[in-house]
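Some notes on the structure that comes next.
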Amino acid sequence: MTVRTVLRMGDPRLLQKSERVEHIPDPWIDELVRDMFDTMEALNGAGLAAPQIGVLRRVVIFGVEANPRYPDAEPVPTTVLINPRIEPLGDDREYGWEGCLSVPGMRGLVPRATRIRYTGMDPKGSVIEREAAGFHARVVQHEVDHIDGVLYPMRIEDMRHFGFESELFPESAGDRD
Ligand code: NI
């Protein structure tokens with residue numbers, strides 16, 4: 001069990017474009033992914049990208065289990081995605097509140113494509129190809145942004161909709177990042 005330090009906004013590594021992974025499978029990928037899950041679960045995150053723990057490679061993880069405490073949070077399959085690509089399906093966008101383990105305690109209202117197709121590889125080298133909508137699509141777009149050096153506050157259109165979770169949502173403080 002290795003919970004790694006999560007870099008926080010202001011660290012220049014979070015603004016870099018991460019490198020593609022050329023050889024899959026590889027033992028270093030398995031080790032990285034284990035550390036990423038340990039870290040995400042310890043901090044109650046919905047997703048994590050390798051650069052958030054200082055590894056500038058195109059690897060992201062995400063997953064949200066059905067939780068009776070948050071009946072509105074749709075479950076998202078637990079997934080490791082290497083060298084991901086996203087294609088929006090249609091022009092629809094929707095706004096949703098996001099948080100990030102690299103921006104602790106904050107929430108912002110971010111527009112994202114409502115429906116996407118995403119592809120990538122799993123750590124065994126099998127192709128993943130899925131269509132997703134809503135919260136699932138949002139989580140994938142947020143994580144893939146990380147490997148391109150984009151943090152969600154950079155996508156907020158109206159900065160009045162950015163603030164501390166404890167002030168914005170006094171009843172739900174302590175929700176996941
Ligand atoms: Ni994030």
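Atom set for the values below is all heavy atoms of this structure, side chains included, hydrogens, waters and symmetry mates excluded.
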Q. Donor-acceptor pair, Asp145 side chain versus Val150 backbone, under 3.5 Å?
A. no
Q: Of all the heavy-atom pairs spanning Pro75 and Glu65, show the shortest one and how long it is.
A: CB-C, 4.4 Å
Q: Starting at CG of Leu7, measure out to CG of Leu101 and round the result to the nearest 0.5 Å.
A: 11.5 Å
Q: Report whether Ile61 and Leu43 are members of the same hydrophobic cluster (ILVMFWY, side-chain heavy atoms less than 4.5 Å apart, transitive linking).
A: yes
Q) What heavy-atom pair brings Met9 and Leu14 nearest, and what distance separates the two atoms? A) N-CD1, 3.7 Å
Q.
If hydrophobic clusters are built by linking Ile, Leu, Val, Met, Phe, Trp and Tyr wherever their side-chain heavy atoms come under 4.5 Å apart, do Val55 and Val3 end up in the same one?
A. no
Q | Distance-minimising heavy-atom pair for Ile147 and Val60 | A | CG2-CG1, 3.9 Å
Q. Going only through I, L, V, M, F, W and Y residues with side-chain contacts under 4.5 Å, is there a path from Val110 to Met154?
A. yes
Q. Of the non-hydrogen atoms in Ala137 and Ala113, which two are nearest, and what is the gap between them?
A. CB-O, 4.2 Å
Q | Side chain to side chain, Val80 and Phe37, heavy atoms closer than 4.5 Å | A | yes
**Q.** Within one Ile-Leu-Val-Met-Phe-Trp-Tyr cluster: Ile53 and Met1, side-chain cutoff 4.5 Å
**A.** no
Q. What residues, two or more places apart in sequence or in another chain, satisfy side-chain hydrogen bond (donor to acceptor under 3.5 Å, both in side chains) together with Thr79?
A. Arg130
Q. Any Lys/Arg nitrogen of Asp122 or Lys124 sitting under 4.0 Å from an Asp/Glu carboxylate oxygen of the other?
A. no
Q.
Any heavy-atom pair between the side chains of Val144 and Gln141 that's under 4.5 Å?
A. no
Q. Under 4.5 Å between any side-chain heavy atoms of Pro77 and His136, yes or no?
A. yes
Q. With side chains defined as the heavy atoms from C-beta onward, is the minimum distance between Arg107 and Phe162 less than 4.5 Å?
A. no
Side chains of residues 20-36: which donor-acceptor partners sit under 3.5 Å, not counting sequence neighbours?
from: Asp35; atom 1: OD2; to: Arg4; atom 2: NH1; distance (Å): 2.9

Q) Quick one: does Val103's side chain get under 4.5 Å of Arg8's, heavy atoms only? A) no
(Q) Please list all pairs meeting side chain to side chain donor-acceptor pair (under 3.5 Å) that have one or both residues in residues 85-105, counting only residues at least two apart or in different chains. (A) Gln52-Ser102, Glu87-Arg117, Arg93-Glu157, Tyr95-Glu157, Glu98-Arg112, Glu98-Arg138, Glu98-His142
Q. For the ring pair His146 and Tyr152, is the centre-to-centre distance below 6.0 Å?
A. no
Q | Distance-minimising heavy-atom pair for Asp158 and Ile156 | A | O-CG2, 3.4 Å
Q: Look at the side chain of Arg58 and the backbone N and O of Ser18, then say whether any donor-acceptor pair between them is shorter than 3.5 Å.
A: yes
Q | Pairwise distance CD(Glu131) to CD1(Ile116) - rounded to 0.5 angstrom | A | 9.5 Å
(Q) Would you say that Thr78 contacts Phe62 through its side chain, given a criterion of any heavy-atom pair below 4.5 Å between the two side chains? (A) no
Q) Does a side-chain heavy-atom distance below 4.5 Å link Met121 with Ile128? A) no
Q: Verify the cluster assignment for Leu48 and Leu56: are they in a single hydrophobic cluster under the rule of side-chain heavy atoms below 4.5 Å apart?
A: no
